[in-house]
Amino acid sequence: MLFYWFLKFVAIGPAVHAVFRPRAEGTENVPAAGAAILASNHLSAADWIFMPLQLKRRVTFLAKAEYFTGTGVKGAAQRAFFSGAGQVPIDRSSASAAENAIQTGIRTLREGKVLGIYPEGTRSPDGRLFRGKTGVARMALETGAPVIPVAMVYSKKKLPFGKSITRVNVRIGAPLDFSRYEGMSGDRFVERSITDEIMYEIMMLSGQEYVDVYGATVKKSMDATGASAPDVVARLQPPPDEAADRAPTSLAG
């Protein structure tokens with residue numbers, strides 16, 4: 001726990017603020033106590049660094065188990081770093097990987113913590129917002145935790161001599177309450193509706209174009225065929241007349 005705050009306020013935080021000058025909007029939407037899910041888009045490997053730096057509370061993320069299984073001095077240092085930085089290991093190699101991740105997230109939330117999650121399940125292959133996986137809905141239904149949509153927005157600021165620097169804006173939306181679905185965990189239609197509502201709110205915060213295809217599916221096809229992300233998406237995405245009906249919509253009300 002102390003190492004987390006050391007990284008945030010001494011080792012990493014000051015340098016990140018000095019170089020990237022991240023800004024945050026809507027931090028008041030994160031509750032001061034109790035469980036909450038921060039559901040964010042995923043554009044950069046540094047997302048998990050920029051977002052927590054803007055919040056007073058510690059944020060726990062689910063990380064691949066390989067970060068915690070290294071050997072020797074390097075393995076021990078890596079394990080200490082990710083544990084201290086608020087990461088919880090999950091095994092993504094087993095057949096039950098998705099269920100293990102969900103149960104780990106549920107356990108974290110039942111401890112009253114803030115859980116950071118990327119519903120897309122992977123970084124965006126081309127900067128667009130991809131279809132969300134329903135694990136976030138299951139966690140919300142099982143724990144009653146509010147889901148707070150988050151958008152990571154990156155921009156370039158020009159510097160002299162043709163150089164530029166990345167600027168980061170963390171936009172945090174109003175909490176989403178899904179108590180109207182209490183007792184409906186496991187209903188795939190309900191979980192899909194909840195996930196689509198979350199993705200809609202992220203889309204509105206980020207301004208990203210929505211793609212009704214899983215990002216992991218696109219990356220797998222890119223690796224297999226050598227095609228670009230736009231080409232793969234054009235092949236996998238539903239026809240325009242169907243895509244309009246399948247885009248995420250707000251179900252609030």
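Heavy atoms only: backbone and side chains are in, while hydrogens, waters and symmetry mates are out.
In this structure, OG on Ser206 lies 11.0 Å from CD on Glu201, to the nearest 0.5 angstrom. The CD atom of Gln208 lies 4.5 Å from the CG atom of Asn41; values are rounded to the nearest 0.5 Å. The structure places OH of Tyr118 at 7.0 Å from CE of Met152, a figure rounded to the nearest 0.5 Å. With rounding to the nearest 0.5 angstrom, the OG1 atom of Thr134 is 6.5 Å from the CD1 atom of Ile102. Rounded to the nearest 0.5 angstrom, Lys133 NZ and Met199 CE are separated by 11.5 Å. One finds the OG1 atom of Thr60 at 12.0 Å from the CH2 atom of Trp48 (value rounded to the nearest 0.5 Å).
Under the 3.5 Å distance criterion, with hydrogens and angles disregarded, no donor-acceptor pair is assigned to the side chains of Thr217 and Arg131.
Using a 4.5 Å heavy-atom threshold, the side chains of Arg171 and Val153 count as touching. Contact check for Phe61 versus Thr108: no side-chain heavy atoms found under the 4.5 Å cut-off. Taking 4.5 Å as the limit, some side-chain heavy atom of Asp47 sits within range of a side-chain heavy atom of Ser44. Side-chain contact check for Ser185 versus Glu191: some heavy-atom pair is nearer than 4.5 Å. With contacts defined as side-chain heavy-atom distances shorter than 4.5 Å, the pair Phe130/Thr122 does not qualify.
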Hey, mind stepping through Tyr210 and Ile202 against side chain to side chain contact (heavy atoms under 4.5 Å, CB included) and telling me if it holds? CA-CA 10 Å; Tyr210 177 77; Ile202 295 174; over 6 Å; no

Should Asp223 and Lys219 be marked as a salt bridge (Lys or Arg N to Asp or Glu O under 4.0 Å) after you check the CA-CA gap, both sets of side-chain angles, and the distance that decides it? CA-CA 6 Å; Asp223 291 339; Lys219 288 185 175 181; over 6 Å; no

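No more than 12 heavy atoms of other residues, nucleotides or ligands sit less than 6.0 Å from atom CD of Glu182. Surrounding CE of Met204 are at most 12 heavy atoms belonging to other residues, nucleotides or ligands under 6.0 Å away. Environment of CZ in Arg23: sparse, with no more than 12 heavy atoms of neighbouring residues, nucleotides or ligands closer than 6.0 Å.
For the side chain to side chain contact (heavy atoms under 4.5 Å, CB included) test, residues two or more places apart in sequence or in another chain that qualify with Ile172 are Thr27, Asn29, Val30, Leu55, Ile148, Val150, Val170. Applying the side chain to side chain contact (heavy atoms under 4.5 Å, CB included) criterion to Gln103, with sequence neighbours excluded, gives Glu99, Ile106, Arg138. Checked against salt bridge (charged side-chain N to carboxylate O under 4.0 Å, His left out), Lys113 has the following partners two or more places apart in sequence or in another chain: Glu111. Applying the side chain to side chain contact (heavy atoms under 4.5 Å, CB included) test to Leu109 and every residue at least two apart in sequence or in another chain returns Ala35, Ile37, Leu115, Met139, Thr143, Ala145. Evaluation of the side chain to side chain contact (heavy atoms under 4.5 Å, CB included) rule for Asp231 yields Ala227, Ser228 as partners, not counting sequence neighbours. Arg128 is linked by a salt bridge (charged side-chain N to carboxylate O under 4.0 Å, His left out) to Asp126, Glu209, counting only residues two or more places apart in sequence or in another chain.
The two residues Thr195 and Ala137 make their nearest non-hydrogen contact at OG1-CB, 3.5 Å. Taking all atoms of both residues into account, the shortest heavy-atom contact from Arg57 to Ala33 is NH1-C, 3.3 Å.
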